[in-house]
Protein chains: 2
Amino acid sequence: MTRVGGRGTGPAAPRSVDVARLAGVSQKTVSRVLNGERYVSDEVRRRVLEAAEELGYRLNNAARALASGRTRSIGVVTLGTALYGPASLLIGIERAARDAGYALRVVNTLEGDPGGVVGAVESLLEQGVDGIVVSEPIDEGAVSLSVDVPVLVLGAPAAFGGPRVVAAGVGAELLARAATEHLLDLGHVTVHHLAGPQRWFAARDRLHGWRAALTARDREQPPVIEGDWSAASGYAAGRELAHDSSLTAVFAANDDMAIGLIRALADAGLRVPDDVSVVGFDDIPVSAYVTPPLTTVRQPFDAVAHDGLRLLVQAIEKPDVELPPPNDPPVELVLRASTAPPSPRKTGRSTRSTASGPRGGAHAPPAADEASSTD
Amino acid sequence: MTRVGGRGTGPAAPRSVDVARLAGVSQKTVSRVLNGERYVSDEVRRRVLEAAEELGYRLNNAARALASGRTRSIGVVTLGTALYGPASLLIGIERAARDAGYALRVVNTLEGDPGGVVGAVESLLEQGVDGIVVSEPIDEGAVSLSVDVPVLVLGAPAAFGGPRVVAAGVGAELLARAATEHLLDLGHVTVHHLAGPQRWFAARDRLHGWRAALTARDREQPPVIEGDWSAASGYAAGRELAHDSSLTAVFAANDDMAIGLIRALADAGLRVPDDVSVVGFDDIPVSAYVTPPLTTVRQPFDAVAHDGLRLLVQAIEKPDVELPPPNDPPVELVLRASTAPPSPRKTGRSTRSTASGPRGGAHAPPAADEASSTD
DNA sequence: TTGAAAGCGCTAACAG
DNA sequence: CTGTTAGCGCTTTCAA
């Protein structure tokens, strides 16, 4: 039986003076010990800690914040969605914040809410935070964040203006480029793109990466189809694309859409990867187990969150020191069975090829994932 | 160009006295206006609001909390995982909390962390919260939460002891029962269960629901296989189950495992739903688009979060009023193509049945979801 | 309907 | 190494 707290419901919570009295020292000394300051004899430190333990003393954060002007907490503005990307980022941010000694305050912006980020930031400021993370925002027009605390924008470089705004990409553009290049390397003449909603910076980054890959090799850019991240929108896109006789390879901006897309292609009689190769984005947990297992790129959410928070914390604690440039996150392409070289007759859907791709086709054991790191 | 904040970096933030001075009233009156108290003339209210606006005044929450003893924020203890369930619940909680006028503090417990919940609660208490939500915890042995604030435990009825602990189920047991009954109704003699990790209360609820359904109809209970929620573990389970000649129907404790399971069955030459029917749990967004589209039960996360928070807020604000019993969330079974009556020869996997299930087999258009509400 | 005074529990300076 | 003295910016009495 583990117990939390020590005191019952009755008596008032002990304060630091109570601890001081019990330990036979001044209140200030208690404060010193609890804040890990130097210049406290081991003997005194021990006594204070003991007294605090005995009383079940718990620091009052409100008082501390009021007196010091610092709250030791960081606010996060994120989208209220269970999408794998944003959710994973939030987890990474929480972890990194806690490691750095900061608590987390979270506010979700509802998509479509006008002035969403601005309102959310405003509310965080009122709650009291030392810094703010804006995670993978969507475009709301030019927004300037003239706030007193540093702001880290994750996944939307240059989305916000402001004196203390620091942006960190998530490397999505590089990843998208790698995904596209993978398809080109397999021999596809060009690659279609099933994009995310273009109000999201995250979606634009991927579009740009795709475009960059094609441009670099002088390939034609097929018209882009825009989805809304959902498998349903991927399915709808797949129904359209199935009519396109030039279609041999698609880069989808996330795995959910890729899965919907593949299903639509299958329903239209096109086989993946025999007729069409598909690459997803995110490496969601099920992607290795759908049919066929999905080739995708993994986003390094933890690394991004960790690096980003390091910047933010430095901006909070050492405002004068120049911020180091964020390091580019690694590109990790996860090769599975949804991609293969184009079939011999490029428009050869009429004769369904019976030979599988080089990696064994759709039924390669999921365990056989290869991951190729490109930097 | 929207601007947040008004003041630059230089001058100190305006305080309520500044507003009072500008409006020509006392500080207390400013406080009254800002807290929406009565007994303020409209004229004065207007002047105060105007002055606040002009100065770009922002309430100082730390000072308010210190003086009032209330923080107007709620702490959430959740698992650091991007699993669909916990992530969706968190979103629901955030929304409900905000609607009720509370901010959110979030702490993740890392699975395997000893004393995870206790430590997390401790840290929230230190940060200052008026109430705590423990969301879908895992079993850590008997834990008593003797804290001064009310605690809402979501998805683990009776998991924690304590004076002000209120528990609210998420209805998982009923849902699991409905899922199992659906398979029995189709004519399956019994139903196997691919369970979640039994340290999770959420997993146990589903197990109990499955068991209850079988017991009620006097059916044999096949041995339970335990996964870890991941599609990978579902795949592993599927390899085992494929050898079981009595297998005709499986209820998986979440969709991810169901998807891995289906893939393993397919790899073993078993067809879903022709040879084996599979029901998942959660209705994750891709479940309608995998092959075959997954029959599953949807968890009413929003309703659960909303109802739970209503209880918590009441416990915070009116500690003396008796709490109303939580209402049972609705059961929503989403019928897709992964379930069908058992094939005529129950052990008839040798002759792969060529006829599809009654709803058109694997290729039913995803749009054709039927949802059946069972209460 | 409004105002004046007195803290909330801590940290920041400055002494010793 | 330790203690003293002031506040931090609000809300809470209580009085007008």
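Residues A:P319 and A:R164 come closest through the heavy atom pair CB-NH2, 4.0 Å. Closest approach of B:V165 and B:F160 over heavy atoms only: CG1-O, 3.9 Å. Minimum interatomic distance between A:A96 and A:A305 (heavy atoms only, all atoms of both residues): CB-O, 4.1 Å.
Within residues 23-41 of chain B, the residues approaching DNA chain D are B:Q27, B:K28, B:S31, B:N35, by heavy-atom distance under 4.0 Å.
Note: CG (A:L55) to P (C:dG9) measures 14 Å, nearest angstrom. Rounded to an integer number of Å, the gap from A:R15 CZ to C:dT11 C1' is 16 Å. Spacing between atom CG of A:L66 and atom P of C:dG9 amounts to 12 Å, rounded to whole angstrom units. One can place CG of B:L125 at 16 Å from C1' of C:dG9, the figure rounded to the nearest angstrom.
If you run side-chain contact (heavy atoms from CB on, under 4.5 Å) between A:D130 and each of A:I316, A:V313, A:D148, A:L312, only A:I316 comes through. Of the candidates B:L124, B:L154, B:V153, B:V118, B:L124 is the only one forming a side-chain contact (heavy atoms from CB on, under 4.5 Å) with B:V77.
A 4.5 Å side-chain heavy-atom check between B:L49 and B:L34 finds at least one atom pair inside the cut-off.
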What pairs of donor and acceptor atoms, side-chain ones from residues 100-107 of chain B against any protein atom, are under 3.5 angstrom apart with sequence neighbours left out?
| residue | atom | partner | partner atom | Å |
| --- | --- | --- | --- | --- |
| B:Y102 | OH | B:R70 | NH2 | 3.0 |
| B:Y102 | OH | B:E317 | OE2 | 2.8 |
| B:R105 | NH1 | B:Q127 | OE1 | 3.2 |

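Within the structure, every side-chain polar atom (N or O) of A:R64 is placed at least 4.0 Å from both OP1 and OP2 of C:dC10.
Salt bridge absent: A:R46 and A:D42 never bring a charged side-chain N and a carboxylate O closer than 4.0 Å.
Between chain B and DNA chain D, the heavy-atom contact criterion of under 4.0 Å yields a 5' to 3' nucleotide range of D:dG9 to D:dT12.
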